[in-house]
Amino acid sequence: MHQLYETPTKLQHSGFSSMDLQVLKCVVQQGKAQKEKPHMSARFLKLYLLYAWRKIRAGNLTPPVYSQDFLKQGEPTSSRCDDVETLEKKGCAKINIENPHGRVKIITNKPVTNRMKDGPKVNPDQITQIAPQKLSVDLRSGEAQSFSLKFKRAEDYPIDLYYLMDLSYSMKDDLENVKNLGTDLMKEMQNITSDFRIGFGSFVEKTVMPYISTTPAKLLNPCTSDLNCTSPFSYKNVLPLTTKGTRFNDLVSKQQISGNLDSPEGGFDAIMQVAVCGDLIGWRNVTRLLIFSTDAGFHFAGDGKLGGIVLPNDGRCHLVNNEYTMSHYYDYPSIAHLVQKLSDNNIQTIFAVTEEFQPVYKNLIPKSAVGTLSSDSSNVIKLIIDAYNVSSRNTFTVILENSKLPEDVSIVYTSHCKNGVSETGENGRKCSNISIGDEVTFDVVITAKGCPSKGKSETIKIKMQGFTEEVEVVLNFICECACHNEGIPKSPLCHFGNGTFECGACRCNDGRIGQKCECSTDEVRTEDLDANCRMDNGTEICSNNGDCICGTCECKKRDNPEERYSGKYCQCDNFNCDRSNNKLCGGHGECICRVCHCYANYTGSACDCSLDTSTCLAKNKQICNGRGECKCGVCKCTDPKFQGATCEVCPTCPGVCAEHKDCVECRAFKTGAKAETCMKDCMYFEMVTVNSREELPQPGDEPYITHCKEKDASDCWFYYTYAALNDTKVVHVVTPTECITGPAVIPIVAGVVAGIVLIGLALLLIWKLLMIIHDRREFAKFEKEKLNAKWDTVKNWPWISLLSIASHWSVTILHTQIW
């Protein structure tokens with residue numbers, strides 16, 4: 001064994017790396033420490049060193065040292081698994097802790113394509129717009145893992161365009177304008193992309209009543225007798241996607257109008273088949289555009305009941321000879337079902353509808369565009385180009401979406417868009433106003449809670465909405481430590497090989513129990529084992545705080561990892577001690593077996609009694625002002641008259657100033673109540689006289705000082721200060737007193753009386769002036785009326801005039817008499 005301990009020194013020049021030698025040295029030191037323990041056998045040391053050496057050879061340079069004596073009495077084996085901080089608090093060295101962490105590994109990372117329109121032609125499969133393409137993420141519960149995604153819209157990206165047209169009778173004039181659409185549209189799209197394909201499909205309605213007439217004649221020709229129309233149909237894939245515009249013109253020119261009875265059309269059936277029949281339509285993994293052209297509304301899920309169709313649409317392809325054959329069997333799809341299938345197949349929809357139905361189709365499907373179709377579809381090419389430019393060409397919004405996440409797995413996005421704009425939360429999924437060639441980045445954070453899917457790997461996919469490229473993310477869940485895979489079967493450490501020694505503990509074989517697998521469930525009766533788990537021959541097994549396993553108590557674990565049961569019979573715990581201020585042991589001690597063990601300077605059953613006396617120190621540096629004792633950091637006043645934090649308050653005592661007033665007066669001025677007994681009663685303080693109040697000590701000059709203002713026997717004010725420091729008391733007195741003379745009463749009374757008289761006279765004069773003004777106005781009014789009077793020509797007018805004049809003069813005479 002000694003030779004093995006010397007191995008690191010001898011291997012310094014044997015080709016091992018310095019890291020290997022450091023780890024091996026650590027292993028040997030731990031082995032020495034184990035050897036010093038008398039209960040450790042040489043067999044255990046050999047097995048331990050062999051295990052550590054195997055880990056080094058395997059490339060694991062952090063070999064855990066399995067300390068068998070880590071568990072305290074009564075603790076279950078599961079206590080070995082805990083958070084790092086708790087394990088270290090319980091005495092486990094860092095080198096003994098296996099703490100796996102998650103990681104992110106990029107598997108496929110092709111750079112985004114910088115393709116120019118005039119550059120060499122590249123197959124669509126070789127164009128990359130999002131990177132990386134595949135990652136592996138190891139997730140540990142509660143530990144987030146993050147990575148970044150880069151997106152760049154490639155220039156000259158290929159486009160597949162499928163034109164789906166309503167061929168009911170109301171679209172008769174539109175069909176004529178669409179017959180040359182193929183070549184014309186090919187020419188226009190050359191300005192956008194050099195790789196363009198076009199296809200054509202048509203739809204009418206379900207071939208059952210009441211949507212169409214089912215009479216034999218109407219089934220052959222649903223139009224009037226003078227018009228030649230084709231038989232009704234639900235949907236036909238007339239032309240799969242092709243690069244030949246002339247082929248489009250030839251086939252479309254051969255199409256005929258059909259007819260139906262109701263106004264809404266069966267276009268949703270057609271859209272569903274176009275979305276799910278990818279191979280028959282010919283979709284590539286490029287930009288996919290679906291042009292839906294109609295002048296009417298649509299039927300949706302539930303409308304099929306009118307024709308006796310109750311089975312919901314199954315969302316599968318049912319094209320036989322390029323014609324939908326199950327329209328009479330399955331109901332119309334719902335809008336949500338249609339949105340899902342279009343999104344799953346990355347198809348962008350452009351609705352070319354008449355102005356009347358624009359509000360119906362607007363915002364019907366996310367990321368769709370709506371254009372106004374003229375009555376004869378003559379503007380269809382301009383509509384397609386404009387709608388594409390608005391939704392894709394100029395600026396657009398990219399939105400990240402992911403497949404369904406496993407249970408207890410969450411994902412958070414943070415976007416880094418143009419002009420340094422960053423968003424989180426729901427807005428972290430998207431970037432707006434992105435042009436072709438702009439590059440944006442998304443930070444993705446994935447977190448697992450617990451161990452989803454029982455530890456099995458899961459795969460999620462992240463992609464840009466409306467694009468076919470996907471990022472594959474493989475999630476691997478870390479549910480066990482690595483040491484579980486490196487156990488030693490039939491280990492002699494597990495009672496003669498009755499278990500597997502892994503992660504420092506024994507995992508017993510079937511039929512064996514105990515920490516060392518030392519008991520057999522078949523050989524020992526449960527009653528005999530339980531007797532060893534009863535304290536003082538009582539009735540409670542493991543104090544009702546644990547389970548009796550192989551005659552040994554294994555204590556229960558609490559929900560709070562800080563709380564633990566312990567002891568041979570689980571009779572102890574660290575959470576049922578006395579509390580103070582709602583804190584265990586007052587926060588000043590440790591709870592050990594239900595008894596508080598206090599820290600230094602604390603005592604008491606709840607460690608709530610402080611031995612520190614600094615809190616009892618008064619302003620004069622005395623403990624409790626010399627009037628009490630400091631107990632548990634609080635003053636207990638011995639004199640019942642005093643109270644307060646430092647026994648400084650005496651509610652029933654006179655104030656300091658009133659208490660010493662008579663003595664200060666008699667000593668400074670030889671007056672006052674104690675003038676005759678001054679030498680006997682008032683020599684307990686030192687007195688200093690000053691000439692002015694400014695010369696008195698200020699609060700900062702003495703440790704404990706009181707400023708006083710009192711009246712002497714002559715009713716004059718005198719000022720002094722009283723300071724007490726331990727047994728020394730000092731009084732500073734201002735010897736000149738302040739005597740205040742009384743006010744002159746007679747001049748004050750005379751002034752008040754004179755003021756009242758003057759105010760009365762002023763009021764009378766004002767009243768007289770107002771009356772003169774009033775009389776003059778009345779007289780002026782009288783004069784004016786006299787001049788304007790019109791004399792009556794009747795014979796008695798002199799008497800009327802004289803009466804009027806007399807009345808006015810009587811008023812004037814009356815006023816004059818009043819004055």
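Small disclaimer: the values here were computed from a predicted structure and weren't measured. One is the number of the first residue; the rest follow in order along the sequence.
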Derivation and outcome, side chain to side chain donor-acceptor pair (under 3.5 Å), residues Lys463 and Asn346: CA-CA 10 Å; Lys463 68 175 184 177; Asn346 301 300; 2.9 Å; yes
Polar side-chain atom of [X] near backbone of [Y] as donor-acceptor pair, under 3.5 Å:
| X | Y | answer |
| --- | --- | --- |
| Glu143 | Leu139 | no |
| Ser231 | Leu219 | yes |
| Asn345 | Leu342 | no |
| Arg429 | Leu400 | yes |
| Arg288 | Ile159 | no |
| Ser253 | Asn249 | yes |
| Thr128 | Ile130 | no |
| Gln348 | Thr287 | no |
| Asn260 | Asp262 | yes |

Does a donor on one side chain sit under 3.5 Å from an acceptor on the other, for [X] and [Y]?
| X | Y | result |
| --- | --- | --- |
| Ser136 | Asn476 | yes |
| Gln129 | Thr113 | no |
| Thr354 | Asp295 | no |
| Thr325 | His318 | no |

Audit row: Val474, Lys134, side chain to side chain contact (heavy atoms under 4.5 Å, CB included) steps and yes/no: CA-CA 8 Å; Val474 180; Lys134 186 174 182 180; 4.2 Å; yes
Summary of salt bridge (Lys or Arg N to Asp or Glu O under 4.0 Å) pairs that have at least one residue in residues 310-338, sequence neighbours excluded: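 Passing the test, one end in residues 310-338: no pairs.
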Smallest separation among heavy atoms of [X] and [Y], with atom names:
| X | Y | result |
| --- | --- | --- |
| Leu306 | Pro210 | O-CD, 3.4 Å |
| Val471 | Pro132 | CG2-O, 3.3 Å |
| Ile198 | Leu239 | O-CD2, 4.4 Å |
| Lys341 | Val276 | CD-CG1, 3.9 Å |

Worked check of salt bridge (charged side-chain N to carboxylate O under 4.0 Å, His left out) between Arg197 and Asp160: CA-CA 5 Å; Arg197 299 197 310 166; Asp160 284 352; 3.3 Å; yes
Applying salt bridge (charged side-chain N to carboxylate O under 4.0 Å, His left out), name anything that partners [X], two or more places apart in sequence or on another chain.
| X | result |
| --- | --- |
| Asp138 | Arg103 |
| Glu470 | Lys461 |
| Asp269 | Lys206 |
| Lys449 | none |

Glu355 atom CD: more than 12 heavy-atom contacts under 6.0 Å: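 No - once you tally the heavy atoms of other residues, nucleotides and ligands closer than 6.0 Å, there are 12 at most.
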Non-neighbouring partners of [X] that pass side-chain hydrogen bond (donor to acceptor under 3.5 Å, both in side chains), sequence neighbours left out:
| X | result |
| --- | --- |
| Gln340 | none |
| Gln256 | none |
| Asn427 | none |

Candidate pair Asn313 and Tyr329, rule side chain to side chain donor-acceptor pair (under 3.5 Å), full reasoning: CA-CA 9 Å; Asn313 195 287; Tyr329 193 75; over 6 Å; no
Pair Ser168-Glu265, side chain to side chain donor-acceptor pair (under 3.5 Å): steps then yes or no: CA-CA 8 Å; Ser168 59; Glu265 314 294 0; 3.2 Å; yes
Between NE2 on residue His328 and CG on residue Leu311, distance to nearest 0.5 Å: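 One gets 10.5 Å once the value is rounded to the nearest 0.5 Å.
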Positive for ring-ring contact (aromatic ring centres under 6.0 Å, His included) with Phe203, one of Tyr211, Phe298, Phe292, Phe268: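 Result for ring-ring contact (aromatic ring centres under 6.0 Å, His included) with Phe203: Phe292.
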Residue pairs, two or more places apart or on separate chains, that pass disulfide (SG to SG under 2.5 Å) and touch residues 248-357: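 Pairs touching residues 248-357 that pass the test: Cys277-Cys317.
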Residue pairs involving residues 402-450 (criterion disulfide (SG to SG under 2.5 Å); sequence neighbours excluded):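 Of all non-adjacent pairs touching residues 402-450, those that pass disulfide (SG to SG under 2.5 Å) are Cys417-Cys431.
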Derivation of the side chain to side chain donor-acceptor pair (under 3.5 Å) call for Asp166 and Thr294: CA-CA 5 Å; Asp166 177 8; Thr294 185; 3.0 Å; yes
Close side-chain approach of Met464 to Phe442, heavy-atom, < 4.5 Å: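 Yes, their side chains come closer than 4.5 Å.
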Ion pair check, Lys418 and Asp438, cut-off under 4.0 Å: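 Yes, charged N to carboxylate O under 4.0 Å.
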Candidate list Val409, Leu405, Leu135, test side chain to side chain contact (heavy atoms under 4.5 Å, CB included), partner Leu475, passing option: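 One option only clears the test, and that one is Val409.
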[X] and [Y] aromatic centres sub-6.0 Å:
| X | Y | answer |
| --- | --- | --- |
| Phe200 | Phe248 | yes |
| Phe300 | Tyr332 | no |
| Tyr235 | Tyr324 | no |

Set of ring-ring contact (aromatic ring centres under 6.0 Å, His included) partners for Tyr413, sequence neighbours left out: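 With neighbours one apart ignored, the set is empty.
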Partners meeting ring-ring contact (aromatic ring centres under 6.0 Å, His included) with His337 (sequence neighbours left out):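 If we apply the ring-ring contact (aromatic ring centres under 6.0 Å, His included) test to His337, skipping adjacent residues, there are no hits.
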Trace of the side chain to side chain contact (heavy atoms under 4.5 Å, CB included) decision for Leu364 with Phe351: CA-CA 10 Å; Leu364 186 67; Phe351 292 106; 4.2 Å; yes
Stepwise side chain to side chain contact (heavy atoms under 4.5 Å, CB included) test for Phe151 and Val112: CA-CA 7 Å; Phe151 176 81; Val112 293; over 6 Å; no
Side chain to side chain contact (heavy atoms under 4.5 Å, CB included) between Glu439 and Lys150, worked out: CA-CA 7 Å; Glu439 185 174 291; Lys150 183 189 298 182; 3.3 Å; yes
